[in-house]
Amino acid sequence: MSENVYQIAIDGPSGSGKSTLAKGAATKLGIMYLDTGAMYRTCGLCALKSGIGTKDTDAVKKMLDSMDLKIKFADGVQHMILNGEDVTGSIRTPEVSRAASDISSLPIVRTAMVDMQRKIAADQSFVVDGRDIGSVVLPNAKYKFFLTASAEARAQRRFLELQEKGTPQALEDVLKDIIWRDKQDSERAASPLVKVDDAIEIDTSNIGIEETLDLLLSYIKE
Ligand code: DC
C-alpha cells in the first residue's frame, strides 16, 4: 500500500447513519466510499432469486461458486452487478434486508466478501462502512469510528426514509425489524458487530447528520 493511501472504517448497527456519514466524509475528503452492506444484500438477493435457503451452507456455497458479483464505481456511486445485471435498485427491500442479515452470518460468505473488500480498498484511499470493518476487514485502518443510536431513533429515520421512497411501512414494524437485525448481527458467531477498543464512538441519537459529519471530520487529519 502506498504511503498516501489511508482507510477510514465506520461500523455500527442498521440505521445509525453510517452510509450517509461515510458518503459525506468520502465526498469531503475526495476519496472513495465502499458500502459493504450492499455486498451482503446482493448475496441475499441472489439466494432469494435462486430460491435457496439463506442459512443453508451447502446451497449457499454452490451459489457463491457460480455467482458473478462485481462492483462498479461510476461517478463515485457504487453499483452492484449480479450475474451481469445492475441490481443496485433492488437490494433495499425489507425482504432483502432479512436475507442479507441471514446470509451474512455464514462464515463462507464472510470470507468471500472480506477478501473482495480488502482487495478493493488496498490501492486507493477509501471510507468503508459495515459491521466488522475496524475489527476484521481493515484492522489497520488509520481511523475507526463506531456509530450508535437508540433503536427508536434509528427506526424513526428508517420510517421517514421509506415514506420518502414511496414504500411506507408502519413504525412499529420498522422498529421490530431493527431490533431483530441488531440481535442477529451482534449475536452471530462469525464477526459479530462489536466496537473495537481503538474506535471512536459517536452516538447519533440526538444530533443531526451535518453536525455528526463535522464531528467525525474533526478527528481526521489529512
Ligand atoms: O448495512 P446494511 O444494513 O446495508 O447491511 C445489510 C446486512 O449485512 C446487515 O444485516 C448486516 C450485514 N453486514 C455484515 O454482516 N457485515 C458488514 N460489513 C456489512 C453488513
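Side chains are part of it too, since the values below use all heavy atoms of this structure and drop only hydrogens, waters and symmetry mates.
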Item to check | Pair M67-C43, side-chain contact (heavy atoms from CB on, under 4.5 Å): steps then yes or no | outcome: CA-CA 9 Å; M67 178 178 83; C43 292; 3.9 Å; yes

Roughly how far apart are [X] [atom1] and [Y] [atom2], rounded to 0.5 Å?
{"X": "T36", "Y": "Q117", "atom1": "OG1", "atom2": "CD", "answer": "5.0 Å"}
{"X": "D173", "Y": "I178", "atom1": "CG", "atom2": "CD1", "answer": "12.0 Å"}
{"X": "L64", "Y": "T111", "atom1": "CG", "atom2": "OG1", "answer": "9.5 Å"}
{"X": "E210", "Y": "D214", "atom1": "CD", "atom2": "CG", "answer": "6.5 Å"}
{"X": "I31", "Y": "I220", "atom1": "CD1", "atom2": "CD1", "answer": "7.5 Å"}
{"X": "K70", "Y": "H79", "atom1": "NZ", "atom2": "NE2", "answer": "15.5 Å"}

Item to check | Residue among I200, I202, D129 satisfying side-chain contact (heavy atoms from CB on, under 4.5 Å) with I10 | outcome: D129

Checklist entry - M63 and side-chain contact (heavy atoms from CB on, under 4.5 Å): which partner among D56, I103, V109? => result I103

Taking [X] for its side chain and [Y] for its backbone only, find out whether a donor-acceptor pair lies under 3.5 Å.
{"X": "D86", "Y": "T88", "answer": "yes"}
{"X": "Q7", "Y": "A121", "answer": "yes"}
{"X": "T54", "Y": "A99", "answer": "no"}
{"X": "S101", "Y": "S97", "answer": "no"}
{"X": "R188", "Y": "S105", "answer": "no"}
{"X": "S16", "Y": "T148", "answer": "no"}
{"X": "S186", "Y": "P192", "answer": "no"}
{"X": "D11", "Y": "I133", "answer": "yes"}
{"X": "R118", "Y": "V137", "answer": "yes"}
{"X": "R154", "Y": "S14", "answer": "yes"}

Checklist entry - Would T212 and F145 count as a side-chain contact (heavy atoms from CB on, under 4.5 Å) if you check the C-alpha gap in whole Å, the side-chain angles of each, and the deciding distance to 0.1 Å? => result CA-CA 12 Å; T212 316; F145 295 93; over 6 Å; no

If Ile, Leu, Val, Met, Phe, Trp and Tyr residues are connected whenever their side-chain heavy atoms lie under 4.5 Å apart, and connections chain through other members, are [X] and [Y] in the same group?
{"X": "Y219", "Y": "I8", "answer": "yes"}
{"X": "V96", "Y": "L106", "answer": "yes"}
{"X": "V194", "Y": "V128", "answer": "no"}
{"X": "I209", "Y": "L213", "answer": "yes"}
{"X": "Y33", "Y": "F126", "answer": "no"}

Please examine the side chains of [Y] and [X], heavy atoms only from C-beta on, and report whether any two atoms are closer than 4.5 Å.
{"X": "L29", "Y": "L217", "value": "yes"}
{"X": "Y143", "Y": "E222", "value": "yes"}
{"X": "L45", "Y": "S90", "value": "yes"}
{"X": "M32", "Y": "V127", "value": "no"}
{"X": "M39", "Y": "I71", "value": "yes"}
{"X": "M113", "Y": "L69", "value": "yes"}
{"X": "T204", "Y": "R157", "value": "yes"}
{"X": "S104", "Y": "R110", "value": "yes"}

Checklist entry - Should V5 and Q124 be marked as a side-chain contact (heavy atoms from CB on, under 4.5 Å) after you check the CA-CA gap, both sets of side-chain angles, and the distance that decides it? => result CA-CA 6 Å; V5 171; Q124 276 188 78; 5.6 Å; no

Ion pair present between [X] and [Y], side-chain N to carboxylate O less than 4.0 angstrom?
{"X": "R92", "Y": "E161", "answer": "no"}
{"X": "D177", "Y": "R158", "answer": "no"}
{"X": "D65", "Y": "K61", "answer": "yes"}

I need the minimum non-hydrogen distance between [X] and [Y], along with the two atoms involved.
{"X": "D182", "Y": "P13", "value": "OD1-CB, 3.7 Å"}
{"X": "N83", "Y": "S66", "value": "OD1-O, 4.2 Å"}
{"X": "L82", "Y": "K49", "value": "CD2-CD, 4.3 Å"}
{"X": "G130", "Y": "K18", "value": "O-CD, 3.4 Å"}
{"X": "F146", "Y": "L193", "value": "CE1-CD1, 3.7 Å"}
{"X": "A155", "Y": "V174", "value": "O-CG1, 3.7 Å"}

Next on the checklist: If you count heavy atoms of other groups shown closer than 6.0 angstrom to CG of D68, is the number above 12?
Outcome noted: yes

